[in-house]
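Atom set for the values below is all heavy atoms of this structure, side chains included, hydrogens, waters and symmetry mates excluded.
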Amino acid sequence: MSGMRRFLRLSPGPVAIVSSPWIVVGAGVVVMVVLLFVALGTYREPDPAPDGASAPPALPLPSAEVAPSEPAPASSPAGALPGLSARASGLPPSAATPSPSVAPSVGSTGGPTATRSPSRAAVTGRYRVVQSFDGGFIGEVSMVNASARSRGWTVRLEFSGGRFVTAWVEGVPQGTVRQSDDGFTYVSGVDVRPGGSVSLRFHMERTSSTPRLCTVDGVRCGGL
């Protein structure tokens, strides 16, 4: 029995560690303190910059360059016809208004013929009263030759009643007078040069100074 007790006896080292846990805790604390001092020794603060030394210049950040945008090409209206603008919707004036110079008409043979509008009168006249007095007045028809060649002229004047006395042209050879019950007709005795003018004066009595009719070569006088 005594031999067996000696066999079962444990070594004092492991038994002491198991029975005294504070030893393990103390050893851990010592190890941690040692590691802390080691860490503090290896930590070094960065040396401050020496006096008078300037900090390195900051590098500029790259700026984003914006490429200029190209203007979008103006789109032309689709289906535009030549001679028409985008704002006008009608036809061009040449297509909308035909020339009125020649008008078709039907001739005696049944086919269409061309008739032209009457041209502007070569000699035109303008009527006015030169002088009025008791029982009558002096009238005048001033004429201008607007054509490119010399021309004669014929004046026709009609009044409501009254009496025709005389008619004359100043400064040129006199023409021919044909009197009628309601007025007179005067045919020139000399042609009027291109761009020239002439005046016919006449004396009427017992009638109004406004004629019922005044024509030069069949065209109505102005001034009435």
Query raised in the report: So if you build clusters from Ile, Leu, Val, Met, Phe, Trp, Tyr with side-chain heavy-atom gaps below 4.5 Å, do L224 and L157 land together?
Result: yes
Query raised in the report: Do the side chain of N145 and the main chain of G196 share a donor and acceptor less than 3.5 angstrom apart?
Result: no
Query raised in the report: So do W153 and V198 actually touch side chain to side chain, heavy atoms under 4.5 Å?
Result: yes
Query - Contact summary for A167 and F184, nearest pair of heavy atoms - result: CB-CE1, 4.1 Å
Query raised in the report: Checking side-chain contact (heavy atoms from CB on, under 4.5 Å) for the pair D191/R149: CA distance, chi angles, key distance, verdict?
Result: CA-CA 10 Å; D191 294 346; R149 63 184 182 88; over 6 Å; no
Report task. Over all heavy atoms of both residues, which pair between G162 and T207 is shortest? Give the atoms and the distance, please. Result -> CA-CB, 3.6 Å
Query - Side chain to side chain, F164 and M204, heavy atoms closer than 4.5 Å - result: yes
Query raised in the report: I138 versus F133: any side-chain heavy-atom pair under 4.5 Å?
Result: yes
Query raised in the report: In terms of side-chain heavy atoms, does S180 have a donor or acceptor partner in R156 at a distance below 3.5 Å?
Result: yes
Query raised in the report: In the single-linkage hydrophobic clustering (I, L, V, M, F, W, Y; side-chain heavy atoms under 4.5 Å), do L200 and V144 co-cluster?
Result: no
Query raised in the report: Considering only heavy atoms from C-beta outward, does the side chain of R151 approach that of D217 to under 4.5 Å?
Result: no
Query raised in the report: Which pair of non-hydrogen atoms, one from V190 and one from P173, has the smallest distance, and what is that distance?
Result: CG1-CD, 4.2 Å
Query raised in the report: Is there a side-chain contact between R128 and V130, using heavy atoms and a 4.5 Å cut-off?
Result: yes
Query raised in the report: Side chains of V192 and M143: does their closest heavy-atom pair fall under 4.5 Å?
Result: no
Query raised in the report: Counting only heavy atoms not in R212, do more than 12 fall under 6.0 Å of its CZ?
Result: yes
Query raised in the report: Backbone N or O of V172 within a donor-acceptor pair of the Q174 side chain at under 3.5 Å?
Result: yes
**Report entry** Joint cluster assignment, V219 & V155, ILVMFWY side-chain distance < 4.5 Å
**Finding:** no
Report task. Calculate, to the nearest 0.5 Å, the distance between atoms CD and NE2 belonging to Q131 and H203 respectively. Result -> 9.0 Å
Query raised in the report: What distance separates S208 OG from F137 CZ, expressed to the nearest 0.5 Å?
Result: 7.0 Å
Query - Atom of S188, atom of G152 and distance for their closest heavy-atom approach - result: OG-CA, 3.6 Å
Query raised in the report: Can you tell which of V123, V216, V187, T176 makes a side-chain contact (heavy atoms from CB on, under 4.5 Å) with T154?
Result: V187
Query - For F202 against Y127, the heavy-atom pair lying closest together - result: CZ-CE1, 3.5 Å
Query raised in the report: Within a reach of under 6.0 Å around CZ of R163, are more than 12 heavy atoms found that belong to other residues, nucleotides or ligands?
Result: yes
Query raised in the report: Say you draw a straight line from CD of E205 to CG of D134; how long is it, rounded to the nearest 0.5 Å?
Result: 10.0 Å
Query - Atom pair CZ (R201) and OG1 (T166), whose distance is rounded to the nearest 0.5 Å - result: 13.0 Å
Query raised in the report: Is there a side-chain contact between Y186 and V169, using heavy atoms and a 4.5 Å cut-off?
Result: yes
